2 protein chains.
Amino acid sequence: MTVIESTPAATGTTDVCAAAPPSHPRPDGQDRYTISEVAAWTGLTAHTLRWYERIGLMPHVDRSATGQRRFTNRDLDWLTLVGKLRLTGMPVAAMVRYAELVRAGDHTFDERRELLETTRRDVLARIAELHETLAVLDYKIDIYTGARPAPERAAR
Amino acid sequence: MTVIESTPAATGTTDVCAAAPPSHPRPDGQDRYTISEVAAWTGLTAHTLRWYERIGLMPHVDRSATGQRRFTNRDLDWLTLVGKLRLTGMPVAAMVRYAELVRAGDHTFDERRELLETTRRDVLARIAELHETLAVLDYKIDIYTGARPAPERAAR
DNA sequence: CGCTTGCTTCGAGTGCGCTCGAAGGTCCTA
DNA sequence: TAGGACCTTCGAGCGCACTCGAAGCAAGCG
């Protein structure tokens with residue numbers, strides 16, 4: 001599994017009404033999750049979560065008195081976004097860039113919007129490609145389903 | 001460029017009528033392309049084409065009297081299909097499996113069809129995921145375009 | 001008290017899909 | 001006959017996104 005594959009956790013509800021913020025395990029104020037809780041929630045490994053933080057893909061994560069990570073609901077939201085972007089095939093470096101813009105403050109609003117719009121265009125292009133591929137697949141499946149012998153010079 | 005990215009050569013005509021077989025540089029019978037011609041046509045490198053053959057992703061490729069590869073229009077068709085499948089994120093190993101089935105003969109028809117149908121389902125799932133992502137992106141772009149300050153607890 | 005569980009950091013390893021370099025053979029054109 | 005483009009094989013290297021192991025500290029439980 002490199003990229004392209006939904007996390008098992010994310011495939012719960014196939015609700016199309018997506019824009020609503022996802023509900024979280026705990027209410028704001030009591031949201032202090034250990035790394036293993038977050039790992040279970042996101043489907044990522046603890047190793048990967050630490051790695052995300054190391055490379056700057058996570059906003060600064062709180063620590064407990066003894067130095068352990070304590071994630072918040074906001075962190076979960078962020079990880080949800082990252083998960084979506086990951087599914088688009090967006091390179092980690094680009095996501096890190098976005099995270100940096102977020103950390104840099106409000107004056108990067110325009111740049112962030114541009115980055116998102118570029119990504120949006122990429123996603124639309126990918127969808128179009130996949131539809132083309134679908135057409136090819138349907139064409140071949142038809143051949144295999146109907147006429148058993150393939151036509152003269154098909155790519156098999 | 002690892003996976004996910006259309007070849008520059010393939011982005012010529014954005015014709016939606018995809019099912020028609022692509023026209024080839026030379027008519028059948030005089031179709032004997034060198035590796036560099038095929039490289040130019042597909043956008044792959046000669047190295048990659050040889051590698052495809054090595055790992056069993058190409059059907060057997062003809063040779064000239066002196067042992068050089070000579071590709072046919074059928075090979076180009078095959079490479080077009082492989083290119084499409086590659087765009088879906090299908091692992092090379094699965095494509096090799098399909099190629100093996102083709103080589104194995106007509107009694108693998110059913111298995112090939114199943115493989116294609118599984119792939120088809122995967123592609124549909126990917127498209128659905130991308131639409132979800134699109135919704136998230138639109139939501140965020142709206143925030144950045146309209147209200148300049150982000151709402152209370154957005155994932156930024 | 002010892003045990004388990006789970007956390008920490010650091011750095012090395014893995015799998016995929018290419019990608020490239022080296023060393024040498026062949027074809028074509030002038 | 002010389003030059004250069006282009007081909008061959010083999011094997012090593014690379015970039016990405018993780019993935020894992022080791023060594024050690026800390027909390028909680030019977």
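What you see is a predicted model, and the numbers here were worked out from it, not measured in a lab. Below, read A as the first sequence line, B as the second, and so on, with proteins coming before strands; counting in each chain starts at 1.
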Q: Could you check A:Ile127 against B:Leu134 for side-chain contact (heavy atoms from CB on, under 4.5 Å), going step by step and ending with a plain yes or no?
A: CA-CA 10 Å; A:Ile127 289 174; B:Leu134 210 52; 4.2 Å; yes

(Q) Need to verify one output field. Residue with the more 5' nearest nucleotide on DNA chain C, B:Arg70 or B:Met95? (A) B:Met95

Q) Is the closest side-chain donor-acceptor distance between B:Arg112 and B:Tyr98 under 3.5 Å? A) no

Q.
Testing the 3.5 Å rule here: is there a donor-acceptor pair between the side chains of A:Thr72 and A:Asp75?
A. yes

Q | Residues A:Leu79, A:Met58; criterion side-chain contact (heavy atoms from CB on, under 4.5 Å); working and verdict | A | CA-CA 8 Å; A:Leu79 285 169; A:Met58 284 295 294; 3.5 Å; yes

Q: Choose from C:dC7, D:dC7, D:dT9 the nucleotide whose nearest atom is closest to any side-chain atom of B:Gln68.
A: D:dC7

Q. Closer than 4.0 Å, any side-chain N/O of B:Ser36 to the OP1 or OP2 of D:dC7?
A. yes

Q: Would you kindly give the CD1-to-C1' distance between A:Ile55 and C:dG11, to the nearest whole Å?
A: 16 Å

Q. Does A:Thr66 or A:Tyr52 map to a spot on DNA chain D nearer the 5' end, using the closest nucleotide for each?
A. A:Tyr52

Q.
Output the rounded distance in Å from CZ (A:Arg50) to C1' (D:dC20).
A. 11 Å

Q: Using heavy atoms to find the nearest nucleotide of DNA chain C for B:His47 and B:Ala93 separately, return the residue whose nucleotide is more 5′.
A: B:Ala93

(Q) Check this one for me: any side-chain N or O of B:Thr34 less than 4.0 Å away from OP1 or OP2 of D:dC6? (A) no

Q: Nearest whole angstrom, please: distance from the P of D:dA17 to the CZ of A:Arg86.
A: 10 Å

Q | N/O (side chain, A:Arg69) to phosphate O (OP1/OP2, C:dC7) under 4.0 Å | A | no

